[in-house]
Amino acid sequence: MRSAIKKQLFKTFRQELDQQYPSFVLTEVEADCVGVWSRRLAPQLYIFFKVMQFPNEDTFVAELAWSDQSLFPWDCDNRDLNFDLPAWWDRMGRLWKKGGMEPVWELAPEDRLDLEAASRARRRNEIHQYSESPSVETVVPRIQPCVEKCLKKFQKYGVPVFNKLANHRGLGDVL
Amino acid sequence: MVELAKVTGAKLPHDNPIRNWTFEQKLAAVADRILKSGKLAPEIARQLEAAVQPENLARMGAMIALLAAAHAFPPAGLAADATLLAFGGTESELIAHRLYLEVSSVQDELDLNSAARVLEEELASNAAGKLIQRFTGVKKARENHAVTIDRKQIRVNAGGGMPQKQNPAHLPLVPGKKKRPAAANPALPKAVKRNQAEHRRMVKNQQKQLKDAIDNASAESKPTIKGQTLRKQGADYQNLSDMTLNQIHGKKMNCNQRIGKGVGSVIDNVLTRGSTSVYVETKFSIRKLPQRTINQLTNAHRKAKSGDTVILNVARKPTHKELIALRNALPAGVFERIKIVSSQTELFTLVKTALKEKKK
């Protein structure tokens, strides 16, 4: 993801999360991700919302997790929603799309269309000339609606998971 | 009769455009480039040199055409290796077919280079050696072919003889009986076969596409066009591989997943079915090995449990030199664990098998 787009994406997520989920606090900003927000539910129970960028595309995904540690459990292999386990993480899209390729948020779908055009050209035995990616100025206005859609999905699929976890641990609804 | 510059001292017909050359002329030029590069093992180089002597050249061209025609897959270029093998072709015939397609479609200098690269890589395999022997009648004692090519005692035995492991990563280093992963599965989805044909064209046209992009670039985009096109080509190959992997039913596929810390912490694809995972890192070429790639493979190796698979998917088939560089760059034990694939059919079959095996 281009750095100017990443910066704007981070800014928009921070703004939206502050408004909609003020209990989530920004915990990590690493090179490979846009940001990680977390909330402590109990002394040994943390929930996470992470935004991950794709290195070579202007595309992002959201990841959800819980852990008994304060750091995002990226090394955890558990993908089953077993609320007794100390940690879990998965791509948010997996909560509504169980198999196949995961859903992602594309900020520059022109790049994908260009690759599809390249593929069609190859089938005709022609050589495709790639078109330039849309400019940062073109992409930036698309960020806000994408972030809003992503957070709507979080409300619909992510929040119920965290509430179920909290209920299972006897904490009641937390979001 | 065409005369080969290296062999006879005569010149190729440079006044005549390459696209108008005969098959034998193109074949001679391709062989000439390989011999001049000096990359072949001496014994194989000698065999190739003998094969393209004027008295053998026409015979070699005719035999290649005959072997290729025995498997009439029109139009040229669309027949995947797997199909040929599935129809009972031998490895020599497969190579003959591939050579025929490559050489007969040569139109310009770039195509000549591309065909030379294909033949050079194939010549490293025992099957190609056998093919050359069929043309020339050269029957050298196999034991004379062993050449040590690096300090780690990696032996290249042009005559075979070393035990074959299942890991395709070993195949180019130890030429011998080639594995036939794609042929083992006769029911390859149509989309995978189509992707394989695309893969070939992508690799074949890569340099030409890059050259065209540079030539056609505007003055302001000239400085960045090379990097931009190379990135797009990488993304294009990634996209093609994703489409192939998406043909595997019952899997979950995540892209750009974090599996480690710092540089090289993200891997291109993680496919899971049940508790089995397959880690796939995709590259167009491994001519250059950045630390990121080393870390990605090392992280995948560390993360992979027993029964999981780590795959390095390289569009342009790695040469011996590249494989040795990869082996030397990786920590001990990692190279042996990695399976290297350079075709869509192989990628599909390997991942499908890997995800199936643990399920039983």
Side-chain angles (χ1 to χ4, degrees), chain A residues 1-2 28 30-33 36 50 52-61 63 65 71-80 89-94 97-104 106 108 111-133, chain B residues 75 77-78 105 194-195 197-202 204-206 208-209 211-213 216-217 221 224-225 228-229 231-240 242-243 245-246 248-266 268-269 272-273 275 277 292 302-303 305:
Chain A
M1 181 176 283
R2 285 170 282 179
E28 278 178 75
E30 289 188 2
D32 66 332
C33 73
V36 182
K50 176 179 172 183
M52 176 100 180
Q53 55 149 355
F54 283 13
N56 301 319
E57 303 159 49
D58 294 328
T59 300
F60 70 90
V61 289
E63 295 182 350
L71 291 175
F72 189 91
W74 61 266
D75 213 10
C76 152
D77 287 324
N78 175 37
R79 304 282 180 274
D80 297 327
W89 84 260
D90 210 345
R91 294 272 165 97
M92 190 167 77
R94 288 294 171 212
K97 193 169 186 294
K98 302 287 180 192
M101 286 176 95
E102 64 182 326
V104 296
E106 286 177 319
D111 286 339
R112 181 176 42 80
L113 296 175
D114 190 32
L115 297 183
E116 285 172 9
S119 174
R120 283 195 299 276
R122 271 194 300 273
R123 284 180 215 162
R124 293 192 303 268
N125 213 0
E126 290 168 6
I127 297 178
H128 175 78
Q129 285 305 316
Y130 299 112
S131 51
E132 279 188 33
S133 296
Chain B
L78 284 179
S105 62
R194 196 183 57 215
N195 291 349
E198 271 198 51
H199 177 130
R200 282 166 174 280
R201 286 186 185 153
M202 193 185 277
K204 186 180 168 190
N205 296 329
Q206 188 253 339
K208 189 166 170 33
Q209 190 179 33
K211 189 176 174 289
D212 288 354
N216 300 333
S221 60
T224 55
I225 191 72
Q228 205 176 68
T229 308
R231 261 196 307 280
K232 285 263 185 181
Q233 285 175 333
D236 206 354
Y237 184 61
Q238 174 73 59
N239 189 46
L240 184 71
D242 285 354
M243 288 194 294
L245 293 171
N246 204 29
I248 298 167
H249 297 295
K251 53 83 188 60
K252 257 191 196 181
M253 183 163 89
N254 287 359
C255 302
N256 297 295
Q257 189 162 305
R258 185 176 173 184
I259 53 163
K261 283 181 178 175
V263 177
S265 60
V266 176
D268 287 329
N269 301 96
T272 48
R273 185 192 267 164
S275 58
S277 300
R292 193 164 59 91
R302 183 191 54 79
K303 189 100 174 89
K305 302 181 297 288

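We use all heavy atoms of the structure for the numbers below, so side chains are in, but hydrogens, waters and symmetry mates are not. Proteins come first, then strands; the chains are lettered A, B, ... in the order of their sequence lines, and each starts at number 1. Since we're looking at a predicted model, the values are computed, not measured.
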*Find the distance between NZ (B:Lys252) and NZ (A:Lys97) and round it off to the nearest 0.5 Å.*
11.0 Å
*What part of B:Asn246 is in contact with chain A, defined as an atom under 4.5 angstrom from a non-hydrogen atom: side chain, backbone, both or neither?*
side chain
_Tell me the closest heavy-atom pair linking A:Glu132 and B:Ser221, and the distance in Å._
OE2-CB, 4.0 Å
*Is any NZ, NE, NH1 or NH2 atom of the basic residue among B:Lys261 and A:Asp75 found under 4.0 Å from an Asp or Glu carboxylate oxygen of the other?*
no
_Looking only at heavy atoms and a cut-off of under 4.5 Å, which of A:Arg91, A:Arg79, A:Arg112 has the most pairs with chain B?_
A:Arg91
*Is it the backbone or the side chain of B:Arg292 that comes under 4.5 Å from a heavy atom of chain A, or both, or neither?*
neither
*asked:* Can you tell me which portion of A:Arg94 sits under 4.5 Å from chain B's heavy atoms? Options are side chain, backbone, both or neither.
replied: side chain
*What option among B:Met253, B:Lys208, B:Arg231 has the most heavy-atom pairs under 4.5 Å with chain A?*
B:Met253
_Toward chain B, the part of A:Asp114 with a non-hydrogen atom under 4.5 Å_ = side chain
_Close side-chain approach of B:Asp236 and A:Arg122, heavy atoms under 4.5 Å_ = yes
_Closest heavy-atom pair and its distance - B:Val266, A:Met52_ = CG2-CE, 3.7 Å
_Which atom of A:Ser119 lies closest to which atom of B:Glu198, heavy atoms considered_ = OG-OE2, 2.8 Å
*asked:* Counting C-beta onward and ignoring hydrogens, is there a side-chain heavy-atom pair between B:Gln257 and A:Glu102 closer than 4.5 Å?
replied: no
_Side chains of A:Leu115 and B:Met243 in contact at under 4.5 Å (non-hydrogen atoms)_ = no
_Heavy-atom side-chain proximity of A:Tyr130 to B:Gln209 below 4.5 angstrom_ = yes
*Dump the intermediate steps for side-chain contact (heavy atoms from CB on, under 4.5 Å) on B:Lys232 and A:Asp111, then the final yes or no.*
CA-CA 9 Å; B:Lys232 285 263 185 181; A:Asp111 286 339; 3.2 Å; yes
*To the nearest 0.5 Å, how far apart are CD1 in A:Ile127 and NZ in B:Lys211?*
11.0 Å
*Under the side-chain contact (heavy atoms from CB on, under 4.5 Å) rule, what do A:Asn56 and B:Gln238 come out as? Steps first, then yes or no, please.*
CA-CA 10 Å; A:Asn56 301 319; B:Gln238 174 73 59; over 6 Å; no
*Side chain, backbone, both or neither: which part of B:Ile259 has a heavy atom under 4.5 Å from chain A?*
backbone
*asked:* Which atoms of B:Thr229 are under 4.5 Å from chain A, going by heavy atoms: the side chain, the backbone, both sets, or neither?
replied: both
